[in-house]
Trainee: 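The structure follows.
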Amino acid sequence: MYPNYDIIVVGGGHAGCEAAHAAANLGSKVLLVTMNMNTIAQMSCNPAMGGVAKGQILREIDALGGMSGIITDKSMIQFRMLNRSKGPAMWSPRTQNDRMRFAEEWRLALEKNPNVDFWQEMVTNLLMEGNKLVGVRTALGIEFRAKAVVLTNGTFLNGLIHIGEKNFGGGRTGERAAKGITEQLVELGFESGRMKTGTPPRVDGRSLNYNAMEEQAGDENPEKFSFSQETQALKHQRSCYITYTNDDVHDTLKKGFDQSPMFNGRIQGIGPRYCPSIEDKINRFAERNRHQIFVEPEGWDTVEIYVNGFSTSLPENIQYEALRKIKGFENAKMFRPGYAIEYDYFPPTQLYLSLETKLIENLYFAGQINGTTGYEEAACQGLMAGINAHNKIREKENFILKRSEAYIGVLIDDLINKGTEEPYRMFTSRAEYRILLRQDNADLRLTEQGYQLGLAAQERYERVLEKKRHVDELIQFMRKESVDPDQMNGTLSELGSAVLTQKVKAAQLIKRPNVGINSIKDCNEKLAEQVNHYDKEVIEEAEILLKYETYIEKEEKMADKLNALENYRINDTVDYNQIKAISNEAREKLNKIRPSTIGQASRISGVSPSDISVLMVYLGK
Ligand code: FAD
């Protein structure tokens, strides 16, 4: 009765939206089944996108032809480039977003796609014929058939919400938990675990005294996420504010510690260490008498405010009392209390690098179900699962990104080879090739691949080719053009840089700290004439490539060396039990993860360099 689909995506969160959009854009007929169509692309926690390492991921999604960057731009209310004072590997775009518009833009984007159908209901089962996955079954007993299924259930699988001593089933506040899928997957042989996360209370902005807080405005010259021309930078922005907790707030919160599900053992799931609740911070850092609170608007028009830094699962009356002791919050009215949520996840070592499960062919997992946390982490997995599910049913190659190509590659490689014991969040420190994986060059790194896949539009690809050509031209010009002391020394003194005693190439001068292309260009007529041909992006790119040339070359060489190991393929039929000289731990992990290359094997925790040497000899490499 109902149509058959190529791909069914279960869940309309950040992972599900990207998966559905990618697969449908590539030409698959997609059914997006989600429990509530009014909460498609809901930001469960803070109304913000990007930030350190996450901003890089968002740019990568955009460069490949995903939608999250465009949706973010269309709904942003503030833009900041974090870490501008550090090296470019650390520059990280971050936006504050209008929560309602973000969700609305995503839904409209999906509705525009004729290859996406929707169904609002809970999926309770995978539809299996023997070992073969053929679709899904819903709570109403409706069966939808498809060639592949992508599960993106987020925090909903057996979700349990905690507020003080109260707890109740739910996938997010006000939404039901999802039942059935975990139980069936475990029966089919999957291993599952339990994690937890938390969120702060929301308050009424009309009840706050902003005069008592520090204003945090957006960038003076804001940029945007998407490399496409579909979106524009903001002309005006909304500010956030900063305030602090104090001893009085801490004492009030401590009154509720004996009712805290975190401290009395009721919460068993493991939470994100780097994103602790306020009670955790008070407990762990007892010597600190204040903690920073970011007061973030939830949108352009709404008065609702997100109290970032005050995540808690203490009783709601304690939350309310403590909030009102924060400077500027004396008259605060609370809209919603904070809460913690526990949910099921599936250790990601049960997946291939394509995000297809090893146990069931054509079944893919993406997002928080894999033990990650964060919108960006979820969205990029959704994109990759959508692409790979589409490719698989058309018998095309898997699309895998290397660690040296993208943060997305780092994330998936880490998950599959190391697994994760706590909610996995991306940090720049997880990437060994940080200077290569910058936010500014995500388009140069990835758009060609997105275009080859059929996801990034021709016009985007042409723009990238042009950017590359212009950057190369400018660099060549700077390498050839000499500047002399008479022209430069005045400006160099102003910039606090040593004066020249003889002519040098412009490219050489740019390597100095404090000296940029724009700051010296007007000292030399030819330089100014050349530079003025190019837009801001090109000048910035050329400057980074010249300034950090030595570091970039070093990392490129390292990446080439390691990538050579990726060329040594390991046949899936290898019987590791036959290799006597490797350690027991290595044997167990290799059997479980079944790496497809020597490079991948070398990154599995518990597999040592000597195990790799033995393996290479065994494989005759
Ligand atoms: P979700 O966004 O959770 O979406 C899952 C979707 O699947 C939902 O639309 C749901 O309706 C649907 N669904 C689930 N099961 C079924 C089913 N059986 N049938 C049909 N539809 C189904 N991240 C951070 O980075 N920092 C934080 O501080 C943070 N705090 C959080 C606090 C809370 C309370 C919550 C709930 C999440 C928090 N997160 C945080 C995590 C962030 O929200 C998620 O990482 C991100 O939303 C995951 O995206 P996803 O697509 O995997 O799942």
Side-chain angles (χ1 to χ4, degrees), residues 8-20 31-51 53-54 57 68 102-103 106-107 118-126 136-139 144 149-163 170-182 184-185 195-201 271-272 274-277 306 308-313 336-345 365-383 385 423-426:
I8 293 175
V9 175
V10 179
H14 305 264
C17 287
E18 280 291 358
L31 177 68
L32 177 62
V33 190
T34 194
M35 282 163 67
N36 183 350
M37 283 189 62
N38 296 331
T39 58
I40 284 180
Q42 176 77 263
M43 298 174 118
S44 318
C45 196
N46 57 334
M49 292 295 281
K54 290 162 166 273
I57 293 182
S68 292
F102 184 93
W106 245 126
R107 176 154 167 181
F118 299 87
W119 186 260
Q120 172 177 294
E121 221 198 316
M122 187 195 294
V123 167
T124 49
N125 291 88
L126 296 173
V136 300
R137 184 181 297 115
T138 69
F144 290 104
V149 174
V150 184
L151 289 185
T152 68
N153 303 72
T155 51
F156 284 70
L157 295 175
N158 293 315
L160 185 65
I161 291 176
H162 297 265
I163 305 176
R172 215 162 24 203
T173 179
E175 293 181 66
R176 277 181 309 155
K179 303 277 178 194
I181 290 185
T182 303
Q184 186 191 14
L185 288 173
M195 281 185 175
K196 77 125 196 147
T197 187
T199 196
Y274 37 80
C275 204
S277 62
Y306 179 88
N308 193 346
F310 205 80
S311 168
T312 179
S313 54
R336 320 177 194 209
Y339 64 94
I341 180 163
E342 283 184 284
Y343 53 92
D344 297 335
Y345 81 104
F365 289 175
Q368 195 118 356
I369 189 173
N370 287 336
T372 60
T373 177
Y375 310 136
E376 305 77 2
E377 288 85 345
C380 74
Q381 291 174 65
L383 176 72
Y424 180 102
R425 175 188 173 172
M426 185 47 79

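All ligand and atom numbering here is 1-based and tracks the order in the structure.
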Trainee: May I ask you to identify the nearest protein heavy atom to atom 18 (N) of ligand 1, giving residue, atom name and distance to one decimal place in Å?
Mentor: V123 O, 2.9 Å
Trainee: Hey, are the side chains of F365 and L185 touching, using non-hydrogen atoms and a 4.5 Å cut-off?
Mentor: yes
Trainee: How far is atom 7 (O) of ligand 1 from its nearest protein heavy atom, and which residue and atom is that?
Mentor: G11 CA, 3.1 Å
Trainee: Near S44, which atoms of ligand 1 are under 4.0 Å from a heavy atom of that residue?
Mentor: 35 (C), 36 (C), 37 (C), 43 (O), 47 (O)
Trainee: So do the side chains of T199 and S44 get within less than 4.5 Å of each other, counting heavy atoms only?
Mentor: no
Trainee: Looking only at N/O atoms, are G198 and ligand 1 under 3.5 Å apart anywhere?
Mentor: yes
Trainee: Between N36 and ligand 1, does any nitrogen or oxygen pair lie at a separation below 3.5 Å?
Mentor: no
Trainee: Give the contacting part of N153 toward ligand 1: side chain, backbone, both or neither, where contact means a heavy-atom distance below 4.0 Å.
Mentor: both
Trainee: Show the atoms of ligand 1 that are less than 4.0 angstrom away from any heavy atom in A15.
Mentor: 51 (O)
Trainee: Can you tell me which residue among N153, N158, I181 is in a side chain to side chain contact (heavy atoms under 4.5 Å, CB included) with D344?
Mentor: N158
Trainee: Out of G154, P423, P276, who is nearest to atom 1 (P) of ligand 1 when you count heavy atoms only?
Mentor: G154
Trainee: Would you kindly specify which portion of A378 sits under 4.0 Å from ligand 1, judged on non-hydrogen atoms: side chain, backbone, both or neither?
Mentor: side chain
Trainee: For atom 42 (C) of ligand 1, state which one of K54, Q120, Q368 supplies the nearest heavy atom.
Mentor: Q368
Trainee: Do N36 and Q42 touch side chain to side chain, with heavy atoms closer than 4.5 Å?
Mentor: no
Trainee: Tell me the contacting part of V10 for ligand 1: side chain, backbone, both, or neither, using a 4.0 Å heavy-atom threshold, strictly below.
Mentor: side chain
Trainee: So is Y339 in contact with ligand 1, going by heavy-atom distances below 4.0 Å?
Mentor: yes
Trainee: Run E377 and T372 through side chain to side chain donor-acceptor pair (under 3.5 Å) and show every step you take.
Mentor: CA-CA 7 Å; E377 288 85 345; T372 60; over 6 Å; no
Trainee: Looking at atom 26 (N) of ligand 1, what's its closest protein heavy atom, distance included?
Mentor: T373 OG1, 4.1 Å
Trainee: Is I369 touching ligand 1 with its side chain, its backbone, both, or neither, if touching means heavy atoms under 4.0 Å apart?
Mentor: neither
Trainee: Are side-chain N/O atoms of S68 and E18 paired as donor and acceptor at under 3.5 Å?
Mentor: yes
Trainee: Are any non-hydrogen side-chain atoms of R425 and K54 less than 4.5 angstrom apart?
Mentor: yes
Trainee: Using distance alone, determine whether M35 and ligand 1 share an N or O pair under 3.5 Å.
Mentor: yes
Trainee: Which atoms of ligand 1 are found less than 4.0 Å from any heavy atom of Y375?
Mentor: 42 (C), 43 (O), 46 (C), 47 (O)
Trainee: Could you tell me, atom by atom, which parts of ligand 1 come under 4.0 Å of a heavy atom of T199?
Mentor: 32 (C), 34 (C)
Trainee: Could you list which atoms of ligand 1 come closer than 4.0 Å to a heavy atom of G367?
Mentor: 52 (O)
Trainee: For atom 25 (O) of ligand 1, grab the closest protein heavy atom and report residue, atom and distance to one decimal in Å.
Mentor: G374 CA, 3.0 Å
Trainee: Kindly confirm or rule out an N or O of H14 lying under 3.5 angstrom from an N or O of ligand 1.
Mentor: yes
Trainee: Determine, using heavy atoms of E121 and all atoms of ligand 1, whether some pair is separated by less than 4.0 Å.
Mentor: yes
Trainee: Please compare G180, A366, C45, G170 and report which has the shortest non-hydrogen distance to atom 27 (C) of ligand 1.
Mentor: C45
